Amino acid sequence: MLNQKQKVFITRKIPDAGIKLLKQAGFQVSVSQVDGVIPRDELLKKVKGVDAILALLTDKMDGELMDAAGKQLEVIANYAVGTDNINLEDAAQRNITITNTPGVLTEAVAELAFALMISVARRIPESDQFTRKGKYKGWAPMMMLGSELHHKILGILGLGRIGSAVAERAFFGFKMKIIYYDVKRNEEFEQKFQAEYRGLPGLLRDADFISIHVPLIPETKHLIGKNEFKIMKKTAYLVNTSRGPVIDEAALVEALKKNRIAGAGLDVYENEPKLTPGLKDLSNVVLTPHTGSATIETRATMSELAAKNIVEVLNGRPALTPVKKP
Ligand code: GLV
Ligand code: GLV
């Protein structure tokens with residue numbers, strides 16, 4: 001039987017779909033009224049006595065927070081696929097279920113990764129500025145020359161759902177050759193996309209475009225830094241829609257300044273929302289504000305999936321998309 005008094009706290013306004021679902025399930029739902037990321041001290045107060053938290057990737061969910069909520073806390077549903085904001089160890093120790101939103105945002109993030117590849121290679125933001133500023137004085141044979149994606153080599157770093165969805169677009173749409181690096185090989189993927197497995201140095205050496213899709217864990221922090229930029233082609237483009245700290249951003253700025261690589265497209269940053277000094281002054285980088293999953297369709301579905309996870313767990317059923325400690 002559903003306990004009418006079970007409480008759910010949502011750390012920031014999200015699309016209505018999930019909120020509605022939680023209310024229909026009979027929970028007492030409250031949503032942070034703060035316009036922005038809820039400050040830590042307020043968050044610690046607001047979670048007191050709740051059975052479930054619907055959290056965002058900007059909220060740190062650690063042992064202190066879980067203890068502030070209390071022993072009745074059963075589930076934290078992250079409104080994201082990445083869970084690096086959550087201490088999974090602390091949650092396991094306290095028997096708290098953690099869920100994320102895999103699958104529902106795969107296509108949206110893959111589309112943005114592709115958009116960044118095309119934007120940086122075809123210099124779209126730069127061309128847009130040029131045109132708006134009235135600098136376009138007529139067609140010219142040498143104006144705004146960029147690179148093609150067609151038939152180039154795409155290196156997928158991290159082969160999960162999103163990496164596979166990027167490969168699908170690249171292989172079928174752009175006839176790109178796919179190489180990939182992950183901790184494990186995937187033969188089905190290799191067959192489907194005629195893809196070749198590489199070690200990290202091999203991938204860096206051979207790829208014309210590199211798209212990053214690894215989770216942020218201690219092993220992937222600064223996976224790409226000074227030494228890696230040295231291996232990459234001078235004509236290579238690097239795109240990151242995963243987590244900022246996977247790239248040593250200072251080393252990236254240096255590499256872009258010195259034209260060690262051709263360009264980069266970033267949706268995530270090492271110290272989000274701050275940018276490493278110098279980054280925004282470069283014309284060979286395209287920057288978006290962590291909007292990989294930011295489509296009307298996907299954000300609504302994420303809201304629903306996070307809510308459904310809470311409904312399941314608070315009703316004593318298994319979560320739909322639980323996260324285990326890697
Ligand atoms: C967004 O970055 C997510 O992890 O869903
Ligand atoms: C996320 O859904 C991934 O597996 O890449």
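Everything quoted here is computed from the prediction, not taken from an experiment. We count ligands from 1, going down the list as the structure has it; atoms in each ligand are counted the same way. Note: hydrogens, waters and symmetry copies are ignored here, and every other heavy atom, side chains too, is used.
Ordered by chain and residue number, the residues placing a heavy atom less than 4.0 Å from ligand 1 are Leu57, Ala80, Val81, Gly82, Leu105, Arg243, His290.
Relative ring orientation between Tyr181 and Tyr197 is described as tilted, the plane-to-plane angle lying within the 30° to 60° band.
Counted within 6.0 Å of NZ on Lys274, heavy atoms from surrounding residues, nucleotides or ligands total 12 or fewer; the atom is thus considered open. Annotation: Lys7, atom NZ; neighbour count of heavy atoms from other residues, nucleotides and ligands within 6.0 Å does not exceed 12.
When only modelled atom types and interatomic distance are considered, Thr11 and Asp59 share a side-chain donor-acceptor pair under 3.5 Å.
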Using atom types as modelled, flag every donor-acceptor pair under 3.5 Å from a side chain in residues 231-246 to any protein atom, sequence neighbours excluded.
unit_1	atom_1	unit_2	atom_2	d
Lys233	NZ	Asp206	O	3.0
Lys233	NZ	Asp208	OD1	2.8
Tyr237	OH	Ser147	OG	3.4
Asn240	OD1	Ser242	N	2.9
Asn240	OD1	Ser242	OG	2.7
Asn240	ND2	Arg243	O	3.2
Arg243	NE	Asp84	OD1	2.9
Arg243	NE	Asp84	OD2	3.4

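No donor-acceptor distance shorter than 3.5 angstrom exists from the side chain of Asp67 to the backbone of Glu64, with no hydrogens or angles considered.
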